[in-house]
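Report on the structure given below.
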Amino acid sequence: MGVPYIPVRGLAGTDVFERRDDMMLAPNPFDPNEITVVALAQNPDVAILHGLKADREGNAILRRFGEDVMVAQASRRTIVTVEEIVDKVTPEDTSGQFISSINVTAVVHAPMGAYPTGVPGRYPRDDEHIRRYVNASASDEAFQAYLDEHVMSLTEDEIRARFAVPSAK
Amino acid sequence: MPAGAVDLRCNTEELLAILMSREVHDWEISACGAVSMIPAAALLLAEATHAPHAEIIILGSDELSHNLGKDIHFLTQRGQLELFFHSALQFDADGNFNLHVIGDPNAPDRRLPGGYGSGLMSYMSKRILFFRTEHDLRTFVPQVDFVSGAGVTDERIQRSNEPFKVFTPIAVLRFDRDTRQYTLESVHPGYTPDEVQARTGFPLVMADPVPVTPPPTDEELDALRGEVRSRMIETGTYPDWATNVLRAP
């Protein structure tokens, strides 16, 4: 959108509004009888999105539902990780939501990249693992232990072996 | 059966679904959120009985969610959503409700999701129905711990000014934004207005006499346990809940 802020109806008078310094009350310039909450534009430095496939130009097919394209448009840079790299991705591909290379900075081939959440039609969500992740997030120590066990201590080959993903080489 | 002296022939969840279904208007757009079993049953019951042309959106359903994504937000912001269901942890005398935290907001005893719906949906849907499966002084308090939605706001804030209602196992309360007061709209069979007041932490305006809530009818009970229960199971609309909570016909 490229707007500096956006008016939102709702939130006035709530403690959510009171606690946020990126929201203010402002008059509607076209109607002196109305004030609205205005929310500061959110422009992340980097968005990382996971999709089904991409081509080498950076055109990609993202999950069917959700606001991923809008997130990419709001961000300064967008990295799209995908289950597979294909020769050509076009908007006619209806397996998911098309995102143009215009909005994509880089593509990473990352099979199983959504794990422990799932990709519909490819692999399911792992509820047990998500439960472990949530429990680990209760403290810094537990989360560090989770990271050590599932991420930091594993080599790329070990991770590929765990998910039965063939080596890229 | 609820704990009252009168047998309403149903459990609390069935009672709330039936009472709230009566508030759904035919030809209107009505919706409920992502973890909303009782409202889902209420919407389907309305469609099965008095509101066959109601447009219903059940966000937590496999087949009845309409896959709206951000469109539910924009539909509501435009003021085109006519009825939305809400729960809350606390309600207070000023019509504020809390769906965020219990205790000190900076060090809460319990913290819950719900901020989104509270601050936006409840202001911009035309009508709101709240429900609680209990009615006690923990829920109806003089002042909420955290304002997720404000009962009354600056008159220059555009929002729905319709009254909202709160359905509980013993009564229906109604908050009017113009008078800034809760009225005891009706008391369920088997309970007294004094009992409802004693279990509510702020004063209720009462008519004399306070109307008695019309109990569930045979038609409502049959439709809920027959058509609605089957439909929930078949459409992936909280099928486990429907199986276990709605009595099989």
Side-chain angles (χ1 to χ4, degrees), chain A residues 1 3 5-20 22-40 42 49 62-74 94-99 118 120-121 124-125 127 130 134-135 137-139, chain B residues 59 62 65-81 84 88 90 92 94-101 104-106 108 111 113-126 128 143-160 177:
Chain A
M1 281 176 159
V3 295
Y5 60 86
I6 195 165
V8 182
R9 288 207 166 116
L11 292 168
T14 67
D15 282 337
V16 175
F17 173 76
E18 291 300 324
R19 284 164 170 265
R20 295 197 62 133
D22 56 358
M23 293 179 186
M24 298 172 72
L25 283 169
N28 174 348
F30 296 99
D31 179 357
N33 296 318
E34 181 175 23
I35 55 174
T36 69
V37 169
V38 292
L40 185 65
Q42 301 294 310
L49 307 171
L62 305 172
R63 61 183 178 152
R64 184 183 298 277
F65 301 113
E67 317 314 336
D68 287 351
V69 172
M70 200 183 253
V71 171
Q73 289 166 339
T94 56
S95 60
Q97 204 177 162
F98 177 80
I99 182 168
R125 194 177 64 207
D127 287 337
I130 291 173
V134 170
N135 291 337
S137 69
S139 73
Chain B
L59 293 179
D62 288 346
S65 72
H66 292 255
N67 298 311
L68 286 172
K70 63 182 181 296
D71 287 351
I72 184 78
H73 168 82
F74 292 127
L75 179 83
T76 312
Q77 286 276 296
R78 293 194 301 269
Q80 291 175 349
L81 180 61
F84 192 70
Q90 295 176 320
D92 75 17
D94 297 317
N96 302 318
F97 65 92
N98 170 18
L99 189 51
H100 272 84
V101 296
D104 176 359
N106 294 316
R111 186 172 173 173
Y116 174 78
S118 317
L120 295 165
M121 303 294 284
S122 72
Y123 283 49
M124 290 309 294
S125 17
K126 199 171 287 175
I128 291 286
Q143 193 176 3
V144 294
D145 292 337
F146 188 94
V147 180
S148 302
V152 179
T153 35
D154 187 300
E155 60 185 17
R156 292 168 297 164
I157 295 288
Q158 290 205 13
R159 64 182 296 191
S160 169
R177 297 187 205 276

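Letters go in sequence order (proteins before strands), and every chain restarts at 1. This one's a predicted model, so the numbers in the text were calculated from it and none came from an experiment.
Residue-environment remark: CZ (A:Phe65) exceeds the threshold of 12 foreign heavy atoms within 6.0 Å.
Your options are A:Gly66, A:Ala12, A:Gly13, A:Pro32, and the one with the most heavy-atom pairs under 4.5 Å with chain B is A:Ala12. Considering only heavy-atom pairs separated by less than 4.5 Å from chain A, the leading option among B:Ile157, B:Val147, B:Val144 is B:Val147. When each of A:Leu11, A:Ile35, A:Val37, A:Leu25 is checked for heavy-atom pairs under 4.5 Å with chain B, A:Ile35 comes out on top. Heavy-atom pairs under 4.5 Å with chain A peak, among B:Pro105, B:Gly149, B:Gly151, at B:Pro105.
In plain terms, the two heavy atoms of A:Ala72 and A:Ile99 that are nearest each other are CB-CD1, 3.6 Å.
In this structure, CZ on B:Phe84 lies 6.5 Å from CD1 on B:Ile72, to the nearest 0.5 angstrom.
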Below 3.5 angstrom, are there any donor-acceptor pairs between chain A and chain B, and if so, which atoms and how far apart?
{"from": "A:Arg9", "atom 1": "N", "to": "B:Gln77", "atom 2": "OE1", "distance (Å)": "3.1"}
{"from": "A:Arg9", "atom 1": "O", "to": "B:Gln77", "atom 2": "NE2", "distance (Å)": "2.6"}
{"from": "A:Leu11", "atom 1": "N", "to": "B:Gly119", "atom 2": "O", "distance (Å)": "2.7"}
{"from": "A:Ala12", "atom 1": "O", "to": "B:Tyr123", "atom 2": "OH", "distance (Å)": "2.6"}
{"from": "A:Asp15", "atom 1": "N", "to": "B:Val147", "atom 2": "O", "distance (Å)": "2.8"}
{"from": "A:Asp15", "atom 1": "OD2", "to": "B:Val147", "atom 2": "N", "distance (Å)": "2.8"}
{"from": "A:Arg19", "atom 1": "NH1", "to": "B:Asn106", "atom 2": "OD1", "distance (Å)": "3.3"}
{"from": "A:Arg19", "atom 1": "NH2", "to": "B:Asn106", "atom 2": "OD1", "distance (Å)": "3.3"}
{"from": "A:Ile35", "atom 1": "N", "to": "B:Arg156", "atom 2": "O", "distance (Å)": "3.0"}
{"from": "A:Glu67", "atom 1": "OE1", "to": "B:Lys70", "atom 2": "NZ", "distance (Å)": "3.4"}
{"from": "A:Glu67", "atom 1": "OE2", "to": "B:Lys70", "atom 2": "N", "distance (Å)": "2.9"}

